[in-house]
Amino acid sequence: MSVRVRFAPSPTGLLHVGALRDALHKFLLARHSGGTNILRIEDTDRTRYNADSEKEFIETLHWAGIDFDEGPHIGGPHAPYRQSVRKEKGIYAEWIQVLLSKGFAYKAFDTPEELAAMREQQTANKVNTGYFGGIWRDATPSQVAEAEAAGKTYVIRQRIPRDTTIVVEDLIRGRIEWDSNTVDDPVLIKTDGMPTYHFAAMVDDHIMGITHIMRGEEWISSAPKHVCLFEAFGWDKPVFVHCPVIVGNDGKKLSKRHGATRVLDYKAQGYLPHALKNFIALIGWSPGDEREAMTEAELIEAFDLSGMQPSPGKFDIDKLKWINGIHIRGVSASELVSVVLQYVCDEYVREYWTNFVEESPMPGKAPIVGTDVLAKLDKIASADSAYVASILPMLQERVVTLADFGDGAEFFFDDLPSMDQKAVDKWFKQEHVRGLFSRLLADIGRVPCSVESYDALLKQYQVDLSLEKLGPIVHPVRVALTGKTAGPGLFELMAVLGPDRMKVRLERALELCV
RNA sequence: GCUCCGGUCGUCUAGCGGUUCAGGACAUCGCCCUCUCACGGCGGAGAUCGAGGGUUCGAAUCCCUUCCGGAGUACCA
């Protein structure tokens, strides 16, 4: 039987990394096995539904390259894929009727106040809280008829069998058992007629032929209810896969104080979608061998549920940075420019940096201002594309995120880049430097503009000055040309800069040598 | 409180009764490469496998107990 899995978000907020991981697992499993990846919108909670949120989900998933074979946006054999629409079609009403008639569900007329009082009572007596029957589980038909006639509102609850053991076979954790007397009767249909997750998701999973119910481990305690539902209907049970969650450094659920949780913020910070996926896949899963950085195809090929870990994993930003660097280095020279340009021009990336301000990790140092980051990035976007194409590859192996290209490339675009004063103090005061600069100034016009010729030229200076090392030549020139002490290879950078740009900078440097 | 789940270097993990006084990766430290910074290469430090008992010739791996962490305990998902 072919694998069918579904990503079923409830559009109530931003798409964070935990949800992306959920979507990724299903995407990977479906693609690995040649199965079907389904998108289903679970919008049964009308009080929390948020249309912007749905837009956020679609945009994020699209960026991440996680696609679907069936869903509200593309249709499919089990349309509609939106639970609010399915409810209107009467799908849940039809199936709850089956349960009611078989005696696996019942109407309960308790008011919210009565339920609150019951819970209070249970807490005081230190017993399980929850609805284990109340007066309605075993009410007579005439009591129910009377309440209905009186116009009382009701919910429909699932009748969990008593005095038995409920077993959930979980693919990752194995057999999990519950004493059915510890499982309360969940609401299946709310007063407003909408189904709850417990009901809608299971009914849809069955109808849509879902083979693997993959979800976060926070669902484990509800799993016995779901198993009972399948048994009440007499349906074949899918495979339950309760995946470990991603937690913060303190072992608690990931939240804002652990850093960015919104997936789009990782996009804005300059992480490649595949790098994020590669990294997230590695939390709680391993291919079984020692591979870590993998291409998309390798990841799909390697993904297997047997490699899933039962324990929660922490989000280690350093490892994400490492893996992002690897994937940036893997971008071909022909694609690099468009990858960076697309990043710089992206609407959300710009919005993110425009509003970004963060205290510097070093006390006393200036805060990191997003608009500065953006300004540097914009220099790339507005420069001549051939020039940019010659610059970017030099930076490729020195960069961690796409945002770093802005800082790394800045000196190429400024006629007079800002100078690192400490570097000036260190190098420009040396005796040979003034002569070095004027000689270079004279030579750059007559020597070919190429890596080889500049290499030969500066090495000739070294010989002429009888210097033991190349450093005293290279370092001052680098500072004169770039304002910095670190960066791409000097000869390469000179060849890209060309004689005209170098001339202006060397003249300025000469003035600084006093 | 009750019910479940989890527990191998700081972090992500390999490990499925012996070939492991535990392998890889990130981070960290050192060396090499070298015009700098990176990249890359090599090496070091870092886990008595949460703890205590068993079972066994032999346990991180099986059993029991215990501790710690987490989740659920909604007419939210």
Side-chain angles (χ1 to χ4, degrees), chain A residues 8-12 42-45 47-48 108 110 112 115-116 119 122-131 153-157 168 170 172-173 176-179 182-184 186-198 200-201 215-224 242 244-245 247 249-253 279 282-293 307 309-323 325-326 329 395-400 408 423 455 458-459 462 469-475 477-479 482 484-491:
Chain A
S10 181
T12 57
E42 308 217 328
D43 55 352
T44 55
D45 185 349
T47 59
R48 296 203 306 159
D110 312 81
L115 291 175
R119 260 192 298 274
Q122 288 167 330
T123 313
N125 292 333
K126 298 190 175 182
V127 295
N128 263 2
T129 52
Y131 199 90
T153 58
Y154 62 88
V155 297
I156 299 176
R157 286 182 184 269
V168 174
D170 182 90
I172 299 174
R173 293 147 217 278
I176 310 174
E177 296 184 357
W178 281 263
D179 173 348
T182 65
V183 180
D184 68 335
V187 170
L188 263 20
I189 303 289
K190 300 179 244 185
T191 314
D192 64 2
M194 288 299 259
T196 60
Y197 170 88
H198 298 303
R215 59 202 342 186
E217 63 179 319
E218 70 273 17
W219 287 105
I220 293 177
S221 47
S222 313
H242 289 100
V245 294
V247 296
N249 306 115
D250 53 4
K252 301 240 169 78
K253 220 173 139 186
F279 167 68
L282 255 18
I283 305 177
W285 174 81
S286 126
D289 52 38
E290 278 158 5
R291 283 180 296 171
E292 296 212 296
Q309 179 98 358
S311 55
K314 290 177 183 153
F315 191 92
D316 178 10
I317 191 79
D318 281 330
K319 192 145 185 171
L320 206 212
K321 286 178 178 171
W322 167 72
I323 222 161
I326 289 184
R329 268 165 251 135
L395 268 15
Q396 202 167 188
E397 62 189 29
R398 284 160 240 271
V399 106
V400 169
D455 186 331
L458 296 211
K459 279 177 179 155
Q462 179 193 0
K469 295 196 164 180
L470 236 199
I473 303 286
V474 157
H475 297 313
V477 174
R478 172 187 299 285
V479 174
T482 73
K484 304 186 197 190
T485 56
L490 215 221
F491 313 134

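Below, chain A is the first sequence line, B the second, and so on; all start at residue 1.
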Give one of base, sugar-phosphate or nothing for [X], where a contact means two heavy atoms less than 4.0 Å apart.
| X | value |
| --- | --- |
| A:G489 | base |
| A:P488 | base |
| A:K126 | sugar-phosphate |
| A:W178 | sugar-phosphate |
| A:F491 | base |
| A:I176 | sugar-phosphate |
| A:E218 | sugar-phosphate |

Could I get a table of every N or O pair under 3.5 Å where one atom is in the protein and the other is in nucleotides 73-75 of chain B?
| unit_1 | atom_1 | unit_2 | atom_2 | d |
| --- | --- | --- | --- | --- |
| B:U73 | O2' | A:T129 | O | 3.1 |
| B:U73 | O2' | A:T129 | OG1 | 2.8 |
| B:C75 | O2 | A:T191 | N | 2.8 |
| B:C75 | O2 | A:T191 | OG1 | 2.5 |
| B:C75 | N3 | A:T191 | OG1 | 2.3 |
| B:C75 | N4 | A:D110 | O | 3.3 |

Of the listed nucleotides [options], the one nearest the side chain of [X]:
| X | options | answer |
| --- | --- | --- |
| A:D318 | B:A27, B:A25, B:U11 | B:A27 |
| A:K253 | B:C5, B:A71, B:U11 | B:A71 |
| A:S286 | B:C5, B:A77, B:A14 | B:A14 |
| A:S311 | B:A38, B:C35, B:G6 | B:G6 |
| A:K314 | B:C35, B:C4, B:U11 | B:U11 |
| A:E42 | B:C37, B:A25, B:A77 | B:A77 |
| A:H475 | B:C5, B:U36, B:C26 | B:U36 |

### Message
Does A:K253, at its NZ atom, have more than 12 non-hydrogen atoms belonging to other residues, nucleotides or ligands within less than 6.0 Å?
### Response
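No, the 6.0 Å shell around NZ holds no more than 12 heavy atoms from other groups.
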### Query
Which one is paired to B:A51, where only Watson-Crick or G-U wobble pairs with both distances under 3.5 angstrom count?
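The answer is B:U65, by the H-bond criterion.
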### Message
Taking only side-chain N and O atoms of A:Q309, does any of them lie within less than 4.0 angstrom of OP1 or OP2 on B:A14?
### Response
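Yes, A:Q309 has a side-chain N/O under 4.0 Å of OP1/OP2 on B:A14.
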### Message
Between the base of B:C37 and the side chain of A:R398, is one N or O donor paired with an acceptor at under 3.5 angstrom?
### Response
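Checked by distance alone, the answer is yes.
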